[in-house]
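Heads up: numbering here begins at 1 and tracks the sequence.
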Amino acid sequence: MKLSLLLAPPDPTAERALTAALASQTGSTDSASVVHHFAAGILGVVGRPGVAPGALPVRRTAAGDLLAVAGTPLVRDGRVAGVLDELARRLAAGAPSAEVVERLTTLEGHFAAVLWHAGERRTSVVTDALGMQPLYRGEAGAGTFYATDLRAVAAWAPETIHFDPAAWGAFFYIGHPIGDRTPLAGVRRVPGAVVRTHAPDDPGGRERTWWRWPALEGTLPVEEAAARLVEELRADVAAGLRESPETTLLLSGGFDSRLILAILAEQGARPRLITHSHPDENGDADGRFAVATARLYGLPIEWERASPGFFRTGAYLDYVRRSEVVAPSLYLFIAQVAALVTPGLHAVWDGCMVGPSLKFAGGAATMDAYLQRRVAGRRAAARRAAARVLAPEWVEAMDEGFDALIAEEVARVGDGPAATFHFQFNSRHRVRIGQNPYQVYASQVPTFTPGLAARSWEAACAAHPDDRRTRRLCETVFRRHYPHALRVPVASSTDLLNPGGSVAGAARLQWQRARAGVSALARRPKVAGLLRAGGVRVGFHWEPSPFVAAAPATHALPATVVDRSRAAALRPGAPGFADAAEVVFYLEAWRRLMRGEPLDPASTVGGAVG
């Protein structure tokens with residue numbers, strides 16, 4: 001479920017604003033939406049496709065108390081609907097808001113909850129432990145607005161839509177937002193594990209944190225940490241199965257989704273399995289190992305093949321709409337994977353939270369080393385592309401804003417391996433990677449990602465960082481608890497591994513490495529030329545997107561952002577055209593999305609944003 005909350009004096013303008021926000025969040029004609037008025041404002045909720053209004057996770061008491069939860073919350077002691085019913089009974093019996101909020105902080109999964117306590121005239125907003133459920137906050141005039149979609153905030157106050165050059169600098173230079181900054185100027189993403197309260201004596205709101213990350217010091221032997229983490233993951237999976245016994249697992253060739261499959265099978269579930277080919281990575285080891293793993297568990301699997309023309313289709317534009325342009329997506333397989341997630345899957349399991357808890361303990365020894373590796377080369381190339389088409393003053397504003405944003409975040413996280421972990425998790429993992437399961441997939445079906453609970457991270461952080469960095473924790477989890485799952489080799493990032501050590505696994509691994517070697521050889525220019533001359537199709541290549549090619553000529557970006565004479569001078573096929581056109585495409589797609597306009601550049605161009 002999605003929500004929009006407007007805290008403002010009731011008037012016709014506020015009503016129209018919320019109606020516009022709800023319309024922007026409705027992703028299907030089959031999505032139900034309801035509006036609740038209360039003394040401090042208006043709450044609107046939008047269900048997933050096929051969910052009846054009466055089944056939405058919203059409760060209201062006779063006294064006017066209001067409770068709603070967006071996302072896919074979970075509970076360890078029953079079902080979410082039962083917890084909401086229990087809280088509604090407590091409210092009806094006169095329970096104070098503090099008591100209800102305390103219970104809301106025990107929810108797991110990804111969620112954002114809203115409570116209006118009529119007796120106290122107090123509104124409380126609660127976020128999940130890690131802040132994985134997107135929730136944005138903006139202000140205009142006398143009102144404060146919360147929404148699970150950026151475009152809902154923009155629909156509420158279209159006159160306030162402006163590009164944030166610092167956030168766009170992060171988009172182009174590092175590939176994802178930093179911290180709680182968003183591309184929409186003045187709008188912030190609400191952090192994880194917070195309670196924000198608004199009351200008549202404090203309309204601006206107060207914020208407190210209900211959970212903090214444990215130190216990454218490692219207090220348990222690896223075997224004990226592995227056992228504790230497996231216990232938590234089993235509880236997560238059991239909670240998800242109670243909510244949706246009929247479910248689908250997006251299975252890759254790596255550790256993360258394989259561990260979820262092992263736990264699902266252990267608990268008697270037979271999920272529908274879907275994998276997607278990655279033909280340009282290690283000879284498609286990801287898809288091939290996923291298929292072999294499905295056979296290992298006696299389950300059928302749907303192996304979806306990559307379509308070279310995907311980025312020429314409306315399906316890609318739908319991904320852009322649902323992901324809200326928070327990170328680059330052109331020519332990435334994940335955009336095509338998202339197109340597979342439809343309401344017919346009932347629910348989806350994704351391994352995005354298992355990976356960092358098992359294997360990641362900091363990307364580098366210092367923040368300087370981390371940023372040098374992640375930013376330096378990418379920034380130089382992105383800046384060259386931006387300078388070809390954007391207004392010089394705006395490029396300078398991106399540079400200055402990005403540097404200030406990096407300095408601010410570094411000051412917050414400190415230095416050392418733990419700092420690099422927190423920086424990468426809070427920015428890259430939470431926003432760039434999390435956007436798919438928690439925003440794109442979740443708009444269609446409930447999405448379950450074991451390892452999201454606070455107690456799961458307390459278990460993971462109890463392992464020594466070196467045991468996570470070297471995959472020792474990960475391999476201990478499998479060898480001690482799920483050795484059967486290691487009978488098939490693993491594709492972990494760019495590595496091909498045989499951690500199970502079986503003879504059959506070793507043979508399969510050697511065969512896959514040979515396949516990957518042939519694929520890499522065929523991509524060499526001279527070899528590729530000979531093969532093409534012989535009529536042999538070489539490798540996998542995405543077809544260029546016409547939406548990108550059209551962007552420089554069809555955009556409606558303001559002159560403060562784009563140098564229109566430079567954009568008009570760009571010619572397809574000229575050196576640097578593709579990179580410069582991508583810059584315009586992302587900015588224009590975001591402008592159109594925030595304005596509620598069609599994303600296809602061939603559509604009528606509308607108003608500009610500054």
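Side chain to side chain, Tyr331 and Ser545 fail the donor-acceptor criterion of an N or O pair below 3.5 Å. Donor-acceptor pairing under 3.5 Å is lacking for the side chains of Trp457 and Ser357. For His110 and Gln133, the side-chain atoms include at least one donor-acceptor pair closer than 3.5 Å. Side chains of Ser329 and Tyr586: a donor-acceptor N/O pair is absent below 3.5 angstrom, by distance only. A donor-acceptor contact closer than 3.5 angstrom links the side chains of Arg48 and Thr72. Remark: the Gln336 side chain and the Tyr316 side chain contain no N/O donor-acceptor pair separated by less than 3.5 Å.
The pair Glu232-Arg76 counts as a salt bridge, with a side-chain nitrogen and a carboxylate oxygen less than 4.0 angstrom apart. Contact check on Arg430 versus Asp180 returns a salt bridge, with a Lys/Arg side-chain nitrogen under 4.0 Å from an Asp/Glu carboxylate oxygen. For the pair Asp236 and Arg455, the salt-bridge criterion is not met [side-chain N within less than 4.0 Å of a carboxylate O]. A salt bridge links Arg479 with Glu475: the distance from a Lys NZ or Arg NE/NH1/NH2 to an Asp or Glu carboxylate oxygen falls below 4.0 Å.
For the pair Gln435 (side chain) and Ser323 (backbone), a donor-acceptor distance under 3.5 Å is present. The backbone N or O of Gly131 lies less than 3.5 Å from a partner atom in the side chain of Asp128, making a donor-acceptor pair. Using modelled atom types, no side-chain atom of Asn436 and backbone atom of Val440 make a donor-acceptor pair closer than 3.5 Å. With Arg151 contributing its side chain and Arg321 its backbone, the two residues share a donor-acceptor pair below 3.5 Å. Judged by distance alone, with hydrogens and angles left aside, the side-chain atoms of Gln439 form a donor-acceptor pair with the main-chain N or O of Thr148 at under 3.5 Å.
Ring pair Phe333/His278 is tilted by interplanar angle, where 30° to 60° counts as tilted.
Here salt bridge (Lys or Arg N to Asp or Glu O under 4.0 Å) pairs that include residues 302-316, with residues two or more places apart or in two chains, are Arg272-Glu302, Arg312-Glu543.
Of all non-hydrogen atoms in Val153 and Ala147, the two that sit nearest each other are CG2-CB, 3.9 Å. Considering all non-hydrogen atoms of both residues, Ser307 and Trp542 come closest at O-CZ3, 2.9 Å. Considering all non-hydrogen atoms of both residues, Pro271 and Leu264 come closest at CG-CD1, 4.0 Å. When all heavy atoms of Pro499 and Leu497 are compared, the closest pair comes out as CD-C, 3.4 Å.
Here Phe425 and Trp213 bring their ring centres to under 6.0 angstrom of each other. Within the 6.0 Å centre-distance limit, the rings of Tyr297 and His484 are counted as a close aromatic pair.
Among residues two or more places apart in sequence or in another chain, the side-chain contact (heavy atoms from CB on, under 4.5 Å) test is passed with Gln267 by Arg234, Val237, Ala238, Leu241, Ile263. Residues meeting the side-chain contact (heavy atoms from CB on, under 4.5 Å) test with Val354, sequence neighbours left out: Asp256, Leu259, Ile260, Leu358.
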